[in-house]
Q: 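To start, I am sharing the structure in question, which I have written as structure tokens.
Sequential numbering from 1 along the given sequence is applied to the chain's residues. The structure displayed is predicted, hence computed values, not measured ones.
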Amino acid sequence: MRLKTHIRIVGLVAFGGLVVGLALLLRAELGALRDAREVVRSFAGLHALSELVHELQRERGLAGMSAGSTGAHVPVVAQYPRTDAAYRAAVEAGAIGDVELAPLRMQRRQWSAGSGDPESVRGYYTATIDRLLRMVAEQARDVADAGLRKALLAQSELLRSNEALGSLRALGVRALVPGAPAHGFAARVREQLAVFDAAAARAVEAAQASEAAQGARLERALADPALAAVRAAVAALDAGEGDARVELQAAREWFDTVAAAMDRLRHAGDEGMAETRAQAETAAAEATAGLALRVLLVVAGWVASCWLVLASLRRLMLTVDRLGRETRALLARLDGAPTDAGDLQGGFMHLVERVERLSAQASTDPLTRALNRHGFEPLAHAELLRAQRHARPLALLLVDIDYFKRVNDEHGHSAGDAALREMALLVRRAMRAEDLFARWGGEEFVVLAPETDEAAAAQLADKLRQAIAQHDFGRPRHLTASFGVAQATTGDDLGRLFDRADAALYRAKAGGRNRVCRAGDDSPSAQGLRLVQG
């Protein structure tokens, strides 16, 4: 492949990278705008769901008064259009399916005909409201923006507390209608009031986590006279003042009292939602307004980058052409005839190959083709760091041919060189692919064995010692070798590891040669002779 083709490929890769970068940046900008608009839509849906919950709570209370009472269903019938309007608004906002409350109309007809059981009427409304409240909480948790998500979750908790108050209202209404048993009514009301207090505490905590102003607003609503009136009514029941008021008018008064408190909480929540929604709409408007400018800046940066890349490639191509012409002219003068040198590709590739050969020669022992010190040390240092970082074993084997000077003196240096080559082959056959092998100097070799402790390394060394002792080297026929083995410990560097292996090798030499000594064997009686002599 010609050099110009390589340059063109580099240019295409760079251009493609810029195109991908532009696409990712535009995608991120459009995603931010989409998220901002989605938050606004989420607010619209959650507000519609909140309104539907409020209307269903009111319809539940009125239905409780009318259930089982002839001619008392007029108030709940008047509530139906308000509930239906809130339902249609939630469907249009996409917050609820258009069949979610389809069974409601059939239930209404049964209740209007007086065939509905009061407990089943209340249970139907309560189950429906609970399902809607779960939808509010789920949609609030799905909002990406953390601040807005907290605000929506606070609104969800407020709806829960209002539902507890609505259950209190429905309980009182049911107990106060004509014919309902008054026994235990006060205890049930106190219990439901405690449920409301716990839900209101959670709502205040969530509102304060979202925004201090919303928390303060909710606390003021909880201190409103409307709630004080509810608590006073509950206290009157405890004193026995309400047991005789078993009539429809009393139920209506109770309904209105609790409804006023619920409306106060609802108003506080609506104010907080309105403020948070205004913030979301402002963020969406700012995102829309700034999108065009940001896109323009991104495109401008992309065009500038492309121009720089293309200009640099053009200058490089011109330089290659000029060098080609100069090279051809130089070769023509040297050879006395015109020569086509191409665009320097041949010379460039030859230079790369030459550098690779020189690098290999600099790190390889020319006689044994094993690594030399220059090639071994950086690789061994990296293996030592890896073993220490992952707390893995690592062992070093030093191998020294016994009485090697006699080989050179008695058989000549060519025989010594042949013996060194044979020794290198024997070591390579015994070691693993992941082990490092180098000629350390003269007749000394070194093996670095990753994932190997000192005991396993000593076994490998003894196996190699026996193979060397049994091998036919030609001239001389037999040689032996001594081994020093050491395992890396915490805090070791390559020098300290070598020192311990070298000390073990010295003990092997001093103990009679043709043996393996371990650095970890410091018993005075053993004197380094860990394995039996071969």
Q: When rounded to the nearest 0.5 angstrom, what distance separates CG in Leu396 from CG in Leu497?
A: 4.5 Å
Q: To the nearest 0.5 Å, how far apart are CD in Glu163 and CG in Leu56?
A: 9.5 Å
Q: Checking side chain to side chain contact (heavy atoms under 4.5 Å, CB included) for the pair Leu394/Leu384: CA distance, chi angles, key distance, verdict?
A: CA-CA 7 Å; Leu394 178 76; Leu384 179 60; 3.7 Å; yes
Q: Can you tell me how far CG of Asp197 sits from OG of Ser161, rounded to the nearest 0.5 angstrom?
A: 10.5 Å
Q: Minimum heavy-atom separation for His381 and Leu494, please, with both atom names.
A: N-CD2, 4.2 Å
Q: Restricting to non-hydrogen atoms, name the atom on Leu397 and the atom on Ala449 that form the minimum distance, rounded to 0.1 Å.
A: CD1-CB, 4.5 Å
Q: Do NZ/NE/NH1/NH2 and the carboxylate oxygens of Asp499 and Arg496 come within less than 4.0 Å?
A: no
Q: Looking only at heavy atoms, what is the nearest atom pair of Ala519 and Ala504, with distance?
A: N-CB, 3.8 Å
Q: Give me the atom names and distance for the closest heavy-atom approach of Phe196 to Ala164.
A: CA-CB, 3.6 Å
Q: Is it the case that the side chain of Gln388 and the backbone of Asp492 share a donor-acceptor pair, with hydrogens and angles ignored and the cut-off at 3.5 Å?
A: yes
Q: What heavy-atom pair brings Glu55 and Ala86 nearest, and what distance separates the two atoms?
A: CG-CB, 3.9 Å
Q: Run through Gln459, Glu434, Arg432 and flag the one making a side chain to side chain donor-acceptor pair (under 3.5 Å) with Thr452.
A: Arg432
Q: From Phe376 CZ over to Leu448 CG, what is the distance, rounded to the nearest 0.5 angstrom?
A: 5.0 Å
Q: Answer yes or no: is there a donor N or O on one side and an acceptor on the other, between the side chain of Glu157 and the main chain of Arg202, under 3.5 Å?
A: no
Q: Walk me through it: do Asp263 and His54 pass the test side chain to side chain contact (heavy atoms under 4.5 Å, CB included)?
A: CA-CA 9 Å; Asp263 288 342; His54 287 307; over 6 Å; no
Q: Is Arg160 salt-bridged to Asp130, cutoff N-O under 4.0 Å?
A: yes
Q: Regarding Arg386 and Glu451, does a basic nitrogen lie under 4.0 Å from an acidic carboxylate oxygen?
A: yes
Q: When you look at Phe498 and Val446, which way does the side chain to side chain contact (heavy atoms under 4.5 Å, CB included) test go after all the steps?
A: CA-CA 10 Å; Phe498 261 98; Val446 59; 3.8 Å; yes
Q: Looking at Ala458 and Val485, what are the two nearest heavy atoms and their distance?
A: N-CG1, 4.1 Å
Q: Should Gln487 and Pro393 count as side-chain neighbours, where that means a heavy-atom distance under 4.5 Å?
A: yes
Q: Is the backbone of Gly520 close enough, under 3.5 Å, to the side chain of Glu454 for a donor and an acceptor to pair up by distance?
A: yes
